[in-house]
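Notes follow the structure.
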Amino acid sequence: MIGMSESTTAERYLSFGRSEAEGNSPAYAARCEEIAGDTAFLALLDGLPEPKRQPNLLFAAIRFLGGPVDGGLREWAAARWGEVAAVMLAHSTQTNEPGRCASLLPLLARLPQPLALIEVGASAGLCLFPDKYRYEYSGHPPFGPASPVTLACRTGGPLPQRMPDVAWRAGIDLNPIDITDPEQTRWLEALVWPEQHERLARLRAALDLARAEPRPLIVRGDLNEHIEELVARAPSGATTVVFHSAVLWYLAREDRERFARTMRRLPVRWISNEAEPGREGFTLALDGEPVARTGPHGQFLEWL
Ligand SMILES: C[S@@+](CC[C@H](N)C(=O)[O-])C[C@H]1O[C@@H](n2cnc3c(N)ncnc32)[C@H](O)[C@@H]1O
C-alpha cells in the first residue's frame, strides 16, 4: 500500500489495527496489538519480502489454513510458519467486493447506453455484473432485477432512474481469480474479515450468480500493458467505460500517472473508486473529476 515501505512491521500492524480493523474486526484489532509487541513473531514476518508482511495477508493465510483468529493465533502460526509463509508468498490480497457496485451504479446509469464495461484489477470479476444485483438505497424502494444479491447503500443524493444496459464485459488482472476453482474462491472467502458474516454470504451469492452468467473476458497481466488492446476490442456502438475500485494503491506513483494519462487519451469514460492517502473511505471520480465519497465496500455514497 502507499507509503507502507517507510514503516516498521510493528508500526504497520499497529496502524492497521487502529485505523482499519478497529470497529470492523475486534479480533484483527486485538491480534494486531499483540503482534506489534511480539518481537519473535515480528522477526518471522520480517523474513518475508516487504509487500508480503501485510496484516490482511497474514490473517487470510492463517484462516485459509484453518487457523484461529483468537488469542492463540500467533502460537498456531509460529508452529507452522513454513506453511503460513508459503500461502502468503503464493497469494495476494485480492478481495472482490460486489458491494462496490452500489457506488458505481449511479454513474453507470447516467452514461449513454449501452455500455461496454472494462474493469482493471477485476479479481474474480464480481463488479462486472452491476446490472444483475438488486439495490437498496436508503429511503428508496428496492431497485433493479430480482437477484440473490441485494446491496444496501446509505445515500442522500440523486439516484439512478434506470439500470445500465451492459452489452459487453471484460477485465484485466495480474492474477484473475477463477470462480470455478474452489481453492481460489476459498481464498477470496478467507479475505473477508471473520465477523463480517453478511459480507461472506453476499460474496458467496455473487459467486453463484457469476458462475451462472457467461464468463467475461479477463486478461491476465498488468493494467497499463493491456488496457489499450482491450479498449480496442470493445464493441462499437456502446459507451466504453473503464473502471476500477481498490486497485490503484497497488501501483507505483508513475504507473498510476501513466494510467491516468492513458484514460484521458483513449475514447472512454473513466470511473475511479479509490482510497486516497489520509482520507477515510473512497473517492468516486468520473473522468478524473471527484463526484462522491463512498464506503470502501459500497456502504455509503455521499455526493460532493
Ligand atoms: C483489492 S482487489 C479489488 C478487486 C475489485 N476491483 C473490487 O473492487 O472488488 C485489487 C485487484 O487488483 C489487481 N491488481 C493489482 N495491481 C494490478 C496491476 N498492475 N494490473 C492489473 N491488476 C492489478 C489485484 O490482482 C487484485 O485482484
Side-chain angles (χ1 to χ4, degrees), residues 1-2 4 16 20 51-52 54-57 59-60 88-105 107-108 117-130 132-133 149 151 153 169-179 181 184-185 187-193 196 199-200 202-207 209-210 216-231 241-260 262-263 270-275 281-285 294-299 301:
M1 286 199 187
I2 299 166
M4 280 307 182
F16 178 87
E20 298 195 42
K52 292 288 179 183
Q54 278 171 274
N56 250 341
L57 185 60
F59 296 143
M88 292 173 77
L89 290 169
H91 293 80
S92 56
T93 51
Q94 291 195 262
T95 306
N96 198 186
E97 180 47 74
R100 293 176 182 138
C101 287
S103 306
L104 304 171
L105 189 82
L107 291 188
L108 294 172
L117 295 182
I118 298 178
E119 183 181 16
V120 296
S123 182
L126 300 180
C127 294
L128 279 166
F129 297 98
K132 305 292 179 189
Y133 304 140
V149 180
L151 307 177
C153 177
R169 307 166 206 268
I172 304 172
D173 202 284
L174 284 177
N175 179 40
I177 298 271
D178 178 356
I179 59 172
D181 178 343
Q184 293 193 38
T185 55
W187 174 248
L188 278 188
E189 292 179 7
L191 286 164
V192 176
W193 295 4
Q196 298 180 331
R199 270 188 79 204
L200 182 60
R202 183 166 77 187
L203 171 67
R204 289 178 172 156
L207 285 166
L209 183 153
L217 164 70
I218 302 197
V219 174
R220 179 183 293 272
D222 179 72
L223 53 89
N224 272 316
E225 297 305 319
H226 294 280
I227 189 61
E228 291 205 47
E229 73 196 40
L230 205 50
V231 167
V241 185
V242 178
F243 72 96
H244 48 88
S245 60
V247 172
L248 291 194
W249 64 49
Y250 290 89
L251 271 60
R253 184 204 287 203
E254 57 270 25
D255 295 329
R256 289 197 296 274
E257 290 173 353
R258 176 179 165 198
F259 181 70
T262 309
M263 288 299 95
W270 170 31
I271 298 177
S272 163
N273 185 41
E274 294 287 339
F282 286 5
T283 299
L284 182 71
T294 65
H297 303 142
Q299 314 92 307
L301 173 69

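Just follow the structure's listing: the first ligand is 1, and inside any ligand the first atom is 1. None of these values were measured; they are calculated from a predicted model. Because only heavy atoms are used, hydrogens play no part in the values below, and waters and symmetry mates are left out as well, while side chains stay in. All residue numbers in this chain count up from 1 along the given sequence.
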Which ligand 1 atoms does Tyr250 reach within 4.0 Å, using its non-hydrogen atoms?
1 (C), 10 (C), 15 (C), 16 (N)
Should the proximity of Glu119 to ligand 1, defined as any heavy atom under 4.0 Å, be assigned to the side chain, the backbone, both, or neither?
side chain
Can you measure from CG (Leu191) to OG1 (Thr93) and round to the nearest 0.5 angstrom?
7.0 Å
Can you pull out the closest protein heavy atom to atom 19 (N) of ligand 1? Residue, atom name and distance to 0.1 Å, please.
Asp222 OD1, 2.7 Å
Parallel, tilted or perpendicular, judged at 30° and 60°: which one describes the rings of His244 and Phe259?
perpendicular
So which atom in Asn96 and which in Leu126 form the shortest heavy-atom distance, rounded to 0.1 Å?
OD1-N, 3.0 Å
Asn96 N/O under 3.5 Å from ligand 1 N/O:
yes
Would you call the rings of Phe59 and Phe16 parallel, tilted or perpendicular, where under 30° means parallel and over 60° means perpendicular?
tilted
Could you tell me which residues satisfy side chain to side chain donor-acceptor pair (under 3.5 Å) with Arg202, sequence neighbours excluded, listed by chain and number?
Glu97
dist Glu257:CD -> Leu251:CG (nearest 0.5 Å) comes out at 11.0 Å
Which pair of non-hydrogen atoms, one from Pro176 and one from Val219, has the smallest distance, and what is that distance?
CG-O, 4.3 Å
Mark up the atoms of ligand 1 that fall under 4.0 Å of a heavy atom belonging to Leu251, in ascending order.
16 (N), 19 (N)
Nearest 0.5 Å, what's the CG-CD distance between Leu230 and Glu119?
11.5 Å
Please confirm whether Pro176 comes under 4.0 Å of ligand 1, counting heavy atoms of the residue only.
no
Ignoring hydrogens, just give me the one of Thr95, Leu191, Leu174 whose non-hydrogen atom is nearest atom 16 (N) of ligand 1.
Leu174
Taking side chain to side chain donor-acceptor pair (under 3.5 Å) as the test, write out the residues that go with Arg220, two or more places apart.
Asn175
Do the side-chain N and O atoms of Thr294 and Asn273 include a donor-acceptor pair separated by under 3.5 angstrom?
yes
Heavy-atom proximity to atom 7 (C) of ligand 1 ranks first, among Arg220, Arg100, Gln94, Glu274, for Arg100
Is it the case that ligand 1 has an N or O less than 3.5 angstrom from some N or O of Asn175?
no
Looking only at N/O atoms, are Gly121 and ligand 1 under 3.5 Å apart anywhere?
yes
Please work out whether any backbone atom (N, CA, C, O) or any side-chain heavy atom from C-beta onward of Asn273 is under 4.0 Å from ligand 1, and answer side chain, backbone, both or neither.
neither
I want to know if ligand 1 touches Asp173 in the polar sense, i.e. an N/O pair below 3.5 angstrom.
yes
For Glu97, is the nearest heavy atom under 4.0 Å from an atom of ligand 1?
yes
With a 4.0 Å cut-off on heavy atoms, is Ala246 touching ligand 1?
yes
Which heavy atom of the protein is the closest neighbour of atom 20 (N) of ligand 1, given with residue, atom name and distance?
Leu223 N, 2.9 Å
Under 4.0 Å from any heavy atom of Gly221, which atoms of ligand 1 are there?
20 (N), 21 (C)
